[in-house]
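First the structure, in the form of structure tokens, and then the observations on it.
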Amino acid sequence: MITPLSDTALRDADLFSDETLADPYPLFAALRDIGPVVYLPRHDLYAVVRHAAVREAVNDPERFSSDHGIALNSTANDQILLDAVLASDGATHARLRRVLSAQLAPRAIAQLRASILEHAGELADRVVAAETFDAMHDLAVPFVTGVVTELMGLPSEGNSRLAGWADATFNIFGPDNERTRASLPHSHAMMQYLSQAAHRDQVRPGSWLHAIYQAADAGKIAESECLPLMTAYTVASIDTTIQAITNALRLLARHPQQWRDLREDPASLAPAAFRETLRYEAPIQALGRRITRDTELRGVPLPAGRQLWLLYGAAGRDRLQWGTDADRFDIHRPGTEQQLSLGDGPHLCAGNHLAAMEATAMLTMLAERAPHLALDTAAPPARRRLNNVLRGWTTMPLSVSHEPPPAAS
Ligand code: HEM
């Protein structure tokens, strides 16, 4: 049940307060009721909250630019995201994106299927034997960091710190607030680590990072563009997928019939559960664009030079797109191919096939082994991780069993 917000609360809406980040959906619903795009004076941005408006904006980079437009503060836009694939447009963007396009194409990802399934199966075996486990720390974190660092060609020593650094880097896409400022040193530490551990003599031949150096050697990108590319792939690929897998398991644990359905038909319902999880709880809740000229979006006038904030999290709950039950999690929901939580248009998530492969592998391997999945009510409750951009968890205690768990009293 969504509590209506007063006009004053809406005019002063703070997208980044602890309260909003803990549960943003009442505010998103109230903003969608106002219109597809709503100006928020507190942040001096235009919040794009309806599905159709987000889709139109991400598909029109000439009017809505990523260059100096992704983040809500100048340190991120002018320094950290400089030369980043995520924060470029047109020919520069195409040149940077091409570097790893072969490695991330469906055919290349399909070849990883057996090893990803094996890795997921080993972790699933372990948690099923333990019966209670933390979905983040025992499954999603080791699984995703293992897959990604292997593909990147990074040495395994830095693995345990990558997820925390990547999480911090998402914080700095937000406004110049306490969370952003506290995260800057962690983001710098990641770049420092990558510039040493991912030195051209150390990366594994055949890996993503090796391909980045090869592109520089062939003159396709400048040497100075190597580190921003490595950082982009590290940041984009880790916490996003960790949170998607954690959320999927949490939601399935809360919907036992859907877990049983998934067990019956994992080939089609594991990918469907992944898409529905992304719609329902976008791991990247929002990113920005710069308005390049006086224009309009879905009838709302927009002035040149100002900031758009594309709320993927709000688009996923838009009743105009998803119907009156948009706030319900349902892996049988039709049309989830249209969800926007992996973006769309030229910046559509470059790792979308890999993310889907990882998530469906983990769901399938656990579903094969665990007849019942539930929240572990004997453990301290799951804790949310509040981040300016990422929506996720710090812990997620779950349990698996062969017998149904006793009904809660
Ligand atoms: C469930 C997991 C993931 C989610 C929710 C996610 C989400 C997104 C979104 C929303 C964008 C679009 C940004 C925009 O519109 O400005 C994006 C871009 C990107 N993603 Fe992902 N992502 C995920 C996993 C991955 C993985 C595994 C990789 C690793 C290869 C990756 C690499 C990238 C890159 C490099 C971009 C920038 C693409 C460009 O600017 O052309 N992502 N992602």
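Please read all numbers here as calculations on a predicted model, not as lab measurements. In what follows, residues are counted from 1 in the order of the sequence shown. All ligand and atom numbering here is 1-based and tracks the order in the structure.
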Query - Closest approach of any protein heavy atom to atom 29 (C) of ligand 1, naming residue and atom - result: Ser237 CB, 3.2 Å
Query raised in the report: Can Tyr25 and Glu281 be counted as having a side-chain donor-acceptor contact under 3.5 angstrom?
Result: yes
Query raised in the report: Backbone, side chain, both or neither: what part of Gln243 comes under 4.0 angstrom of ligand 1, heavy atoms only?
Result: neither
Query raised in the report: Can you find a side-chain donor-acceptor pair between Tyr280 and Asp330 that sits under 3.5 Å?
Result: no
Query - Close approach, Ala356 and ligand 1, non-hydrogen under 4.0 angstrom - result: no
Query raised in the report: Polar-atom distance check: Tyr312 versus ligand 1, any N or O pair below 3.5 Å?
Result: yes
Query - Min heavy-atom dist Leu96 to ligand 1 below 4.0 Å - result: no
Query - Which of the ligand 1 atoms, numbered from 1, are nearer than 4.0 Å to a heavy atom of Pro346 - result: 41 (O)
Requested in this report: Give the residue, atom name and distance (to 0.1 Å) of the protein heavy atom nearest atom 1 (C) of ligand 1.
Outcome: Ala244 CB, 3.7 Å
Requested in this report: Have a look at ligand 1 and work out which part of Asp344, if any, has a heavy atom under 4.0 Å from it: side chain, backbone, both or neither.
Outcome: neither
Query raised in the report: Any idea which atoms of ligand 1 are less than 4.0 Å away from a heavy-atom of Leu104?
Result: 30 (C)
Query raised in the report: For ligand 1, which atoms, with element, lie under 4.0 Å from some heavy atom of Thr241?
Result: 2 (C), 24 (C), 27 (C)
**Report entry** Residue and atom name of the nearest protein heavy atom (relative to atom 35 (C) of ligand 1), distance in Å to one decimal
**Finding:** Tyr233 CE2, 3.4 Å
Query raised in the report: How far is atom 38 (C) of ligand 1 from its nearest protein heavy atom, and which residue and atom name does that atom have?
Result: Arg97 NH1, 3.4 Å
Query raised in the report: Looking at Leu287, which atoms of ligand 1 are within less than 4.0 Å of one of its heavy atoms?
Result: 13 (C), 14 (C), 16 (O)
Query raised in the report: So which of Ile284, Val58, Thr277, Thr240 gets nearest to atom 23 (C) of ligand 1, if we judge by its closest heavy atom?
Result: Thr240
Query - Arg384 to Trp393 six-membered ring, cation-pi geometry met (6.0 Å, 45°) - result: yes
Query raised in the report: What residue and atom, counting heavy atoms only, is the protein's closest point to atom 36 (C) of ligand 1, and at what distance?
Result: Ala350 N, 3.9 Å
Query - Any donor-acceptor N or O pair under 3.5 Å, side chains Asn247, Thr277 - result: no
Report task. Could you go through the side chain to side chain contact (heavy atoms under 4.5 Å, CB included) check for Arg333 and Asp325 one step at a time? Result -> CA-CA 10 Å; Arg333 182 182 297 279; Asp325 72 342; 3.1 Å; yes
Query raised in the report: Under 4.0 Å between a Lys/Arg side-chain N and an Asp/Glu carboxylate O for Arg42 and Asp14?
Result: yes
Report task. Starting from atom 42 (N) of ligand 1, locate the nearest protein heavy atom and write down its residue, its atom name and how far away it is, to 0.1 Å. Result -> Cys349 SG, 2.9 Å
Report task. Quickly, which of Arg385, Arg161, Arg179 forms a salt bridge (charged side-chain N to carboxylate O under 4.0 Å, His left out) with Asp167? Name it, please. Result -> Arg385
Query raised in the report: Counting only heavy atoms, which portion of Trp208 has something under 4.0 Å from ligand 1: side chain, backbone, both, or neither?
Result: side chain
Query - Gln307 versus Arg290, side-chain donor and acceptor atoms under 3.5 Å - result: yes
Query raised in the report: Considering only the protein, which heavy-atom contact is closest to atom 12 (C) of ligand 1, and what is its distance?
Result: His347 O, 3.3 Å
Query raised in the report: Are Thr295 and Arg63 close enough that a side-chain donor and a side-chain acceptor fall under 3.5 Å?
Result: yes
**Report entry** Numbered atoms of ligand 1 (with element) below 4.0 Å of Ile70, judged on heavy atoms
**Finding:** 16 (O)
Report summary line: Closest heavy-atom approach to atom 7 (C) of ligand 1 among Ala232, Gly69, Gly343, Ser341 is made by Ser341
**Report entry** Atoms of ligand 1, numbered as shown, that sit under 4.0 Å from any heavy atom of Arg289
**Finding:** 14 (C), 15 (O), 16 (O)
Query raised in the report: Hey, are Thr180 and Asn177 close enough side-chain-wise for a donor-acceptor pair under 3.5 Å?
Result: yes
Query raised in the report: Looking at the rings of Trp309 and Tyr46, which for Trp means the six-membered one, are their centres under 6.0 Å apart?
Result: no
Query - Smallest separation among heavy atoms of Ala76 and Ala71, with atom names - result: CB-CB, 3.6 Å
Requested in this report: Determine, considering heavy atoms only, which of Ala236, Ser88, Ala355 sits nearest to atom 25 (C) of ligand 1.
Outcome: Ala236
Query raised in the report: To which protein heavy atom is atom 4 (C) of ligand 1 closest, and what is the distance rounded to 0.1 Å?
Result: Leu342 CD2, 3.5 Å
Report summary line: For Leu398 and Ala253 the tightest heavy-atom approach is CD2-CB, 4.0 Å
**Report entry** Residues Glu368, Arg263: salt bridge by 4.0 Å N-O rule
**Finding:** no
